[in-house]
There are 2 protein chains.
Amino acid sequence: MTLAGENTENQILIAARDVFIIKGYEGARMQEIADQAGINKALLHYYFRSKEKLFEAVFSEVAANLFPAMKHLLEAEIGIKEKITFFVKMYLKALHENPFIPAFVINTLNSNPESFLKYIKKSGVNPILLQTQIEDEVSRGLIRTIKAEHLLVNIIAMCIFPFVARPIVQTIFNMEHDEYQAYLEDRGNEITDFVLKSICI
Amino acid sequence: MTLAGENTENQILIAARDVFIIKGYEGARMQEIADQAGINKALLHYYFRSKEKLFEAVFSEVAANLFPAMKHLLEAEIGIKEKITFFVKMYLKALHENPFIPAFVINTLNSNPESFLKYIKKSGVNPILLQTQIEDEVSRGLIRTIKAEHLLVNIIAMCIFPFVARPIVQTIFNMEHDEYQAYLEDRGNEITDFVLKSICI
DNA sequence: TGTAAATTTGACCATTTGGTTAAATCATAT
DNA sequence: ATATGATTTAACCAAATGGTCAAATTTACA
């Protein structure tokens, strides 16, 4: 592939990513993606054959970047308190940079689990490792007993929810844009605090 | 309106609700709604004029049932520990009966906040009441200080997340359908425990 | 029962949308 | 320079989709 071609293919992927993430598969229009990329619509099919294939290219790339950092941190050899602190900080930072990814992934997987779950399967996140560490720290009297599946989901839920449900939460709490931004900043310490106060003895 | 008409209108609303909640606005097809309701497609327009209007009818009804029970419980005159316990139990029961509602609402509001936020505005949920109660129980030495906005979002996030992100969580944890169902059951006590252990002194 | 209004239907329409194609343009290598 | 292959475009196509309408059917009631 020549330079021009590779460049175009990338422009398309970037534009498609932007449009699909905001509008979802059904709501996205090939013409809009072409416009966003500043190219002719036929080029989308020249490089990616079909809307479905283009979407798969976007989704698989998004899915591939979903877990590696999380996995790496979960496997790190540090105490669980530090692990949680870092995890929350890292996760909120990632969400701040890509606030629409979670809703996009959730929406895609809910409307079409059979076809897209395969991109999640190879996440490699292993709750057993975390479970082992928990049991170790429990036996050393540092934290109380808790199942890794609950702890992990609790933390991730508290991080993600204010982003996916932003319009609702912001409306119910009567916040302006900047106020909500500050609220999101606050949550870093709040979540860490909340979790540590719950599990530490 | 005659009996036949009222009945048809209701059948349509029920069918439309089912289809819209699963497929979303863009993914839903008027023909599919008509089939599901067992009627001719033209009747959809006879009763609701357009797809948009029909969707609004569905969404406004869903939105109207989103907060009243929550609001009522938040305003109840019981201690905060009991309040949290009941809240989690009630919320998980509601989610068990309508597991797809949160993802539907989140998705709708993210793709079109301007047009649908108005159905949320009148929720009447007032975090200040909860804040007052928290401050009261803090002064009586029962719980630690925490902002109502964080406590409420934390609890709701932990309840909702395993439902909206079910395919991902179930896959990552390698669970079968029944296992996940049991996991969801477990979460009732887990969440309550998790929260109370965090805020009680 | 007869009739006027409401309800229901099948056929049809216009637009949108994903996709195709043949021609034009560009880049590259000899 | 120019021939070859890759890239890009405008015009076009077929299917799907939301929506309309006139005719048929049912319902209500005088």
Side-chain angles (χ1 to χ4, degrees), chain A residues 1-62 104 107-108 111-112 114-116, chain B residues 1-62 104 107-108 111-112 114-116:
Chain A
M1 184 160 317
T2 75
L3 231 172
E6 203 154 305
N7 193 39
T8 305
E9 192 171 326
N10 238 306
Q11 277 176 265
I12 293 175
L13 271 176
I14 292 170
R17 197 186 129 106
D18 288 351
V19 175
F20 277 133
I21 283 179
I22 298 293
K23 306 266 175 108
Y25 178 79
E26 295 286 351
R29 298 286 167 257
M30 293 297 265
Q31 187 61 58
E32 189 183 351
I33 294 173
D35 292 348
Q36 176 106 358
I39 52 152
N40 187 283
K41 180 167 70 89
L43 275 186
L44 302 182
H45 294 94
Y46 179 77
Y47 284 101
F48 294 92
R49 265 182 60 93
S50 67
K51 185 183 183 184
E52 243 174 284
K53 290 267 196 301
L54 177 55
F55 183 81
E56 272 188 39
V58 168
F59 187 83
S60 77
E61 198 223 313
V62 168
F104 169 68
N107 187 35
T108 301
S111 30
N112 224 328
E114 323 81 47
S115 16
F116 293 108
Chain B
M1 185 162 313
T2 75
L3 231 170
E6 204 154 305
N7 193 39
T8 305
E9 193 171 326
N10 238 306
Q11 277 175 264
I12 293 175
L13 272 176
I14 292 170
R17 197 187 128 107
D18 289 351
V19 174
F20 277 134
I21 283 178
I22 298 293
K23 306 265 176 106
Y25 178 78
E26 295 287 351
R29 298 286 168 256
M30 293 296 266
Q31 187 61 57
E32 189 182 352
I33 294 172
D35 292 348
Q36 176 106 357
I39 52 152
N40 188 283
K41 178 167 72 90
L43 274 186
L44 301 182
H45 294 94
Y46 178 77
Y47 283 100
F48 293 92
R49 266 182 60 95
S50 68
K51 185 183 183 185
E52 242 175 286
K53 290 267 198 301
L54 176 56
F55 183 82
E56 272 188 39
V58 168
F59 187 83
S60 77
E61 199 223 314
V62 167
F104 169 67
N107 187 35
T108 301
S111 29
N112 225 327
E114 323 81 47
S115 16
F116 293 107

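Chain letters run A, B, ... following the sequence lines, proteins first, then strands; residues in each count from 1.
Here A:Ser50 does not reach the OP1 or OP2 of C:dG18: none of its side-chain N or O atoms lies under 4.0 Å away. Dashed line: the shortest gap from a side-chain N or O of B:Asn40 to OP1 or OP2 of C:dG10 is under 4.0 Å. Residue A:Arg29 places at least one side-chain N or O closer than 4.0 Å to OP1 or OP2 of C:dG18. Between A:Thr8 and D:dT7, a side-chain N or O to OP1/OP2 separation shorter than 4.0 Å is absent. OP1 or OP2 of D:dG19 sits under 4.0 Å from a side-chain N or O of B:His45. Between D:dC21 and B:Tyr46, no contact under 4.0 Å exists linking OP1 or OP2 to a side-chain N or O.
Atom CG in A:Asn7 sits roughly 15 Å away from atom C1' in D:dA6 (whole-Å rounding). The distance between atom CZ of A:Arg49 and atom C1' of C:dG18, rounded to the nearest whole Å, is 13 Å. Rounded to whole Å, the distance from CG on A:Leu43 to P on C:dT21 is 16 Å. Rounded to whole Å, the distance from OH on A:Tyr47 to C1' on C:dT20 is 17 Å. Rounded to an integer number of Å, the gap from A:Glu32 CD to C:dT16 P is 15 Å. Distance B:Met30 CE to D:dG19 P: 5 Å, rounded to the nearest Å. Rounded to a whole Å, the CG atom of A:Leu44 is 14 Å from the P atom of C:dT17. Following rounding to the nearest Å, A:Lys53 (NZ) and C:dG18 (P) show an atom-to-atom distance of 16 Å.
With the nearest nucleotide of DNA chain C identified for both A:Gln31 and A:Ala42, A:Gln31 has the one nearer the 5' end.
Among the atoms of the strands shown, only primed sugar atoms or phosphate atoms (P, OP1, OP2) are found under 4.0 Å from some heavy atom of B:Ala28.
Side-chain contact between A:Phe104 and A:Phe59: present, with at least one pair of heavy atoms (C-beta onward) separated by less than 4.5 Å. Within the 4.5 Å cutoff, no side-chain heavy atoms of A:Asn40 are placed close to those of A:Tyr46. At a threshold of 4.5 Å between non-hydrogen side-chain atoms, the residues A:Leu54 and A:Phe20 count as touching.
Side-chain atoms of A:Lys41 come within donor-acceptor range of the base of C:dG19, with a qualifying N/O pair under 3.5 Å.
Under 4.0 Å is where a charged nitrogen must lie from a carboxylate oxygen, and between B:Glu26 and A:Arg29 at least one such pair does.
The side chain of B:Lys51 sits closest to D:dG18 out of D:dT9, D:dG18, C:dT7.
Using cut-offs of 30° and 60° for the angle between ring planes, the B:Tyr25 and B:Phe55 rings count as perpendicular.
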